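Every chain is numbered from 1, with letters handed out A, B, ... down the list of sequences. Everything numeric here is computed off the predicted structure, so don't read it as measured data.
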Number of protein chains: 2
Amino acid sequence: MEYNSKQIQIIEVAERLFAQKGFAGTSVRDIAQEADVNVSMISYYFGSKEKLIEALFQFRMTESRSRLETLVTNDELSPMQKINMLIDNVIDRLMGNQSFHNIMLRETLSSDRNETISKHIMGLKMRNIELMQRLIQEGQAAGVFREGIDMSLMSTTLYGTVNYAIATQDFYKKINNLESMGEEEFQIHLKRSLSQHLKSLFKSTVTNEHHIQN
Amino acid sequence: MEYNSKQIQIIEVAERLFAQKGFAGTSVRDIAQEADVNVSMISYYFGSKEKLIEALFQFRMTESRSRLETLVTNDELSPMQKINMLIDNVIDRLMGNQSFHNIMLRETLSSDRNETISKHIMGLKMRNIELMQRLIQEGQAAGVFREGIDMSLMSTTLYGTVNYAIATQDFYKKINNLESMGEEEFQIHLKRSLSQHLKSLFKSTVTNEHHIQN
DNA sequence: GATAAATTCAAACGATCGTTTGAATTTTGT
DNA sequence: ACAAAATTCAAACGATCGTTTGAATTTATC
């Protein structure tokens, strides 16, 4: 499915409003007004409000098919370098599409989900964890990563930390006295801090040197 | 403010439905029906739907004033033992009140928040991070924790991991082939896995032995 | 430039929303 | 037992919801 500029305009406004106020908390009249189109255009183009959010997911999911898939076959990078690239890629993706990932997290929190959206999220999570699995196994085969790593919990920590950091960034700003910092500068600062934090966290957990089993 | 059993019944039903479908996605008629009371009782008891969720927050926040505050002054525990107790306490609190923390996370994700609720969340986060701060500083004073720990990001990893693990527990079940496991058994399993995972993560990051600065 | 197709719009649809009403009923205090 | 207060209820309130209508207008096709 391809969208014309007007449809994309509606999708982008909807994305911002859904992230700010939730799906149920956003009316189609809100969206129409901010996107500067007539209310009926949403039904006309997408069929319904429900189909609109499905279109949003299809729109954002297909564009994000990461270039990371080729990472595993790259022989010039060490397993640790690959893990670090994966971490930076997750941070960049989540921080670069904060509204969309906000909506995705909201949908994950809902127990009665739209089925189309559920499948998109499930597919994405599957691909993410399989990629991570392969990177870890490669490191183990090379003898630099320890055995017995809980893959799904490492992935949970990676995505959980980044998602939560984004959700509580105002609080982070307050706590670290960064309120005078410009918004763009702050985003870069947060990215760098997250990157360093997560890389350090993963390094000490994933390498088999000095790891204590309990 | 004290609530009678009928009010508590309404609050508990509202908590469950808000967690399932979001605040805006839940109607007062939904709540009234499931709580087996007349619709007007919600306005009668709480004033409005908005005041109801505020009552929910006040209800859950005041009951959770953790006994952790005395942890710092306990001399019989090592800094690492205290950190581990903190981790288990966070896991227990979040997993023991999944619906409420689901709602709290949803509110955190909203940019136009209810002011009363914002203050509750802000106050809670402040207390959490101050407690953690004190525990870390004690460990540093004792020479067993390294310097330069990013407190707010460690806290973000702790809460982010647990929150995200709870949000994606169905996925976790699927990935780890635990779908035949009973619900209660699974909750215990997840708790234990999270506990071990986070303790191991924190131990290797917080102790100054073997830590590599980059 | 005529015809068809796609788009835009104000207006209205029925449904559902949160809240209020006022009478009926139950509980409480004396 | 009686009056006062608190509770319960069906019904209705106006507002807003998502969606549709049908005519008007623009754009595309030949």
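- Just one of F100(B), F57(B), F23(B) meets the ring pair (Phe, Tyr, Trp, His ring centres under 6.0 Å) condition when paired with F18(B); it is F23(B).
- Among the atoms of the strands shown, only primed sugar atoms or phosphate atoms (P, OP1, OP2) are found under 4.0 Å from some heavy atom of S27(A).
- Using a 4.0 Å cut-off between charged side-chain N and carboxylate O, K173(B) and E183(B) make a salt bridge.
- Nucleotide dT19(C) holds its C1' atom 12 Å from the NZ atom of K49(B), rounded to whole Å.
- Atom CZ of F23(A) is separated from atom C1' of dC17(D) by 12 Å (rounded to the nearest Å).
- The CG-C1' distance, from L17(B) to dG18(C), rounds to 16 Å in whole Å.
- Rounded to whole Å, atom C1' of dT16(D) lies 14 Å from atom CD of Q33(A).
- In this pair, Y164(B) and Y159(A) present their aromatic rings parallel. The plane angle is below 30°, not in the 30 to 60° band.
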Nucleotides 6-13 of chain D: which of its N/O atoms have a protein N/O under 3.5 Å away?
from    : atom 1 : to     : atom 2 : distance (Å)
dT7(D)  : OP2    : Y44(B) : OH     : 3.2
dT8(D)  : OP2    : Y45(B) : OH     : 3.2
dC9(D)  : N4     : S40(B) : OG     : 3.1
dA10(D) : N7     : N38(B) : ND2    : 3.4
dA12(D) : N6     : R29(B) : NH2    : 3.3

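- In E115(B), the CD atom is not crowded: 12 or fewer heavy atoms of neighbouring residues, nucleotides or ligands sit closer than 6.0 Å.
- Put simply, S48(B) has no side-chain N or O that comes within less than 4.0 Å of OP1 or OP2 on dG18(C).
- The cationic group of K125(B) lies under 6.0 Å from the six-membered ring centre of F171(A) and within 45° of the ring axis, placing it in a cation-pi geometry.
- Contact check on D88(A) versus K191(A) returns no salt bridge, with no Lys/Arg side-chain nitrogen under 4.0 Å from an Asp/Glu carboxylate oxygen.
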